[in-house]
Amino acid sequence: MEKWPIGVFASIDAGLGVKLEVAHELGVPTIQLHAPAPATRTPQNAEAFLKRLKEYGMTLTAVFGGFEGESYADIPTVARTVGLVPPATRDARAREMKEIADFAKLLGCSVVALHVGFVPHDKHDPLYLQVVTVTQQICDHCQRNGQSLHLETGQEPADTLLGFIHDVGRPNLFINFDPANMILYGSGEPIAALRKVGRFVRSVHCKDAKWAARPGEEWGVEVPLGEGDVGMENYLRTLHEIGYVGPLTIEREIPQEPERQKAEIAHAVRLLTELKARIG
Ligand code: MG
């Protein structure tokens, strides 16, 4: 694959991505896919999906897990509902994540990813060890499938994330770096964080955001690519610096406004194409 193929985050029937035909209209060569709903994750659907990808000439580069009951309404709600951290849903979600990895395998995809949730920043919190253990189990399942697991960044400062990856201690655990999430959650300046965790970055999101007045207490605001505080040119230069050559996957999380979402992603494709020509 060429360096930095452009991609978009896509969805079938769950998640905030664009529809596959929109990805096709945008003319991008790669997609990441939000895992479809459980009832849709059948071998027949996998086959039909692969056929469409082939028709469109697109490569699937990662499958993202997501779960019923997750809410990104505000930061405390994320902590309470997202990923593998909440104890009440952890076992069921771990099982589902393994099923999602198996579905990704049917799609021939060797990368699965997820928002693990708010990993406690204090290693002595009993929740911390529980999240380490469940992540090890999922990594081991992925390993048997010949897959790696990518953690979406956002909720943790870079040092917490590095400590967590170290404690999980699995060779197939990597990072999907999302610079906008660092700003939205107020978990650290994204470019400095990217330099710190660079050696684990195996996939990225191209998304932009503006800092909140009180970062970490309230949300920042997601904005069209190039209009936020990430600094796209600096972002791409830093990706180049750390030796990242994988896809640049655009994410714009406004599925409630599909026309605007498509127009803004088209603009993002142009911006990245122009930056790639200069930097890549
Ligand atoms: Mg993201």
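Keep in mind that the numbers below use all heavy atoms, side chains included, and drop hydrogens, waters and symmetry copies. No experiment lies behind these values; they were computed from the predicted model shown. Whatever order the structure lists ligands and atoms in, that order sets their numbers, starting from 1.
Qualifying ring-ring contact (aromatic ring centres under 6.0 Å, His included) partners for Phe103, counting only residues two or more places apart in sequence or in other chains: none.
A salt bridge does not link Arg237 with Glu241: none of the charged nitrogens is closer than 4.0 Å to a carboxylate oxygen. With respect to the salt-bridge test (charged N to carboxylate O, under 4.0 angstrom), the residues Glu96 and Arg41 qualify.
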Side-chain donor-acceptor pairs of residues 47-62 under 3.5 Å, sequence neighbours excluded:
residue : atom : partner : partner atom : Å
Arg52   : NH2  : Glu21   : OE1          : 2.6
Thr61   : OG1  : Ile31   : O            : 3.2

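Within 6.0 Å of atom NE2 in His121, more than 12 heavy atoms from other residues, nucleotides or ligands are found, so the atom counts as buried in its surroundings.
Legend: ring-ring contact (aromatic ring centres under 6.0 Å, His included) pairs involving residues 66-90, not counting sequence neighbours, sorted by first then second residue: Tyr72-His115.
Only protein N, O or S atoms were scored, and 4 of them lie under 2.8 Å from the Mg ion (ligand 1).
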